[in-house]
2 protein chains.
Amino acid sequence: MSHVGYCRLMAVDRDHVLRSAAALLTRKATATLDEVAKAAGISRATLHRQFAGRDALVRALEEYGIQECEAALRAARLEEGPASDALRRLVAEIEPHAGLLAFLHTENQLFEGEDLNEGWTRMDERLGALFRRGQENGEFRIDLTPAWLTEASYGLLVSASWAVTDGRMAPNDFTRMITELLLGGVRRPHDAPGRTPA
Amino acid sequence: MSHVGYCRLMAVDRDHVLRSAAALLTRKATATLDEVAKAAGISRATLHRQFAGRDALVRALEEYGIQECEAALRAARLEEGPASDALRRLVAEIEPHAGLLAFLHTENQLFEGEDLNEGWTRMDERLGALFRRGQENGEFRIDLTPAWLTEASYGLLVSASWAVTDGRMAPNDFTRMITELLLGGVRRPHDAPGRTPA
DNA sequence: CCCACATGAGACATTGATGTCTCACGCGGA
DNA sequence: TCCGCGTGAGACATCAATGTCTCATGTGGG
């Protein structure tokens with residue numbers, strides 16, 4: 001059945017195109033469709049065959065990104081175990097999709113009046129719930145609101161993602177840098193010696 | 001002397017226009033010049049009289065933002081006193097210009113091959129030096145690179161700026177939320193009770 | 001070998017943003 | 001009151017991006 005092969009091929013290309021587009025559009029939101037196509041290694045014609053237009057492309061980007069991120073959230077099992085560990089799992093799971101997340105987080109407000117994708121709200125709630133759990137747990141301090149911690153997590157994820165793509169950070173450091181900063185902060189612990197990980 | 005009054009008026013309007021433009025363009029980089037003008041409360045004609053075109057506007061935005069941020073850095077006196085306090089001063093000083101910073105930080109890579117403004121590099125170095133100082137000081141932990149801490153600071157500044165403009169965070173919380181998270185992290189200190197500030 | 005089909009390259013027409021005008025209005029000072 | 005001047009509104013011309021074609025090519029399967 002050639003149809004199956006056809007669909008598989010499309011899906012693979014689609015992923016690649018979307019990720020390339022996200023990487024480019026995050027930094028240059030005014031990029032031409034020619035540029036987007038070239039960045040993905042395809043022609044504008046093919047790009048246009050997969051996505052009706054710029055708007056459709058951005059929509060697909062949004063949907064795809066949310067889908068991937070929600071899958072990552074699910075895989076991280078945020079409700080299980082210590083909140084700190086859950087946070088670590090979360091960052092690790094999201095890492096492969098950080099580029100998508102960066103695009104969505106910065107250009108999200110592109111559609112003004114429209115309802116911002118409910119999947120986004122779901123993600124916010126999941127993250128907020130994690131931080132709240134950690135606070136009620138006693139693991140996390142309570143003087144930082146879950147909403148801010150959620151927002152801050154996005155910010156750090158995005159910053160780290162850019163730092164990696166720009167070569168200012170080693171890809172291996174991604175998860176550690178984010179989680180260590182987020183969990184422990186930059187201040188050196190006075191009384192807990194040898195905290196620095198291997 | 002009408003000329004003086006003229007210049008002053010222009011300068012004031014210019015500030016306002018630039019800040020409005022930054023606030024809009026950060027979230028919707030594809031916004032029309034009509035939209036930019038409307039957001040600033042002026043007509044497209046007047047906008048065009050002040051800035052030759054979109055490109056000129058973005059350039060001016062860049063220059064203005066860097067200028068303001070560097071002034072903030074200077075005012076924060078990063079070399080004086082404990083690095084933690086310097087960091088607090090820095091965030092407090094930058095707060096009024098967080099919108100500008102958000103724009104610059106997200107759309108900076110707009111000019112590809114071109115030399116990204118050297119003022120930007122200067123800011124990076126200043127911030128990096130602060131973190132390095134804190135590390136050599138013993139105040140800060142050494143397992144997070146100054147480059148990452150710099151990038152992370154930008155990310156938190158931007159996230160907080162957006163959270164405030166979107167109404168998800170009280171403006172008063174801006175400095176405290178950022179500095180507390182950056183310095184202390186989200187994890188609750190085990191052995192230092194009563195750390196929560198008033 | 002032949003065919004189906006996705007792709008790349010390109011030629012248009014169209015749309016929308018932009019750059020450049022002109023002109024009338026309102027406000028301030030002389 | 002009259003004038004200078006900045007402004008807003010709008011009318012274009014221009015140009016770049018986009019949407020829509022066609023056609024040649026290459027490849028993979030039958």
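Just so it is clear, the structure is predicted and the values come from calculations on it, not from any experiment. Naming convention: chains lettered A, B, ... in sequence-line order (proteins, then strands); numbering from 1 in each chain.
- A straight line from CG of B/Leu47 to P of D/dG6 spans 17 Å, rounded to a whole angstrom.
- Phosphate proximity of C/dT7 to A/Ser43: absent, as no side-chain N or O sits under 4.0 Å from OP1 or OP2.
- Side chains of B/Thr46 and B/Ser43 form a contact here, defined as non-hydrogen atoms less than 4.5 Å apart.
- Distance A/Lys38 NZ to C/dT7 P: 19 Å, rounded to the nearest Å.
- Salt bridge annotation for B/Glu35-B/Lys28: present, with a cationic side-chain nitrogen under 4.0 angstrom from a carboxylate oxygen.
- Between A/Thr32 and A/Ala45, the one whose closest nucleotide on DNA chain D sits nearer the 5' end is A/Thr32.
- Rounded to whole Å, atom P of C/dG19 lies 10 Å from atom CG of B/Leu57.
- No close placement of the A/Trp162 and B/Tyr154 rings is indicated, their centers lying 6.0 Å or farther apart.
- Atom CG of A/Leu33 is separated from atom C1' of C/dA9 by 17 Å (rounded to the nearest Å).
- Distance, A/Arg49 CZ to C/dA9 P: 11 Å, rounded to whole Å.
- Summarising the geometry, the separation between CZ on A/Phe51 and P on D/dT18 is reported as 15 Å, rounded to the nearest angstrom.
- Candidate nucleotides C/dT22, C/dT7, C/dT20 were compared by shortest atom distance to the side chain of B/His48, and C/dT20 ranks first.
- With distances taken from any side-chain atom of A/Asp34 to the nucleotides D/dT18, D/dG19, D/dG8, the minimum falls on D/dT18.
- Evaluation of atom-type donor-acceptor distances gives a pair under 3.5 Å for the side chain of A/Arg44 against the base of D/dG19.
- Using a 4.0 Å heavy-atom distance criterion, A/Arg54 is classed as a sugar-phosphate-only contact.
- A salt bridge is absent between A/Arg89 and A/Asp85; no separation between the charged side-chain nitrogens and carboxylate oxygens falls under 4.0 Å.
- One interatomic measurement links the two molecules: CG of A/Asp13 to P of C/dT7, which rounds to 6 Å at whole-angstrom precision.
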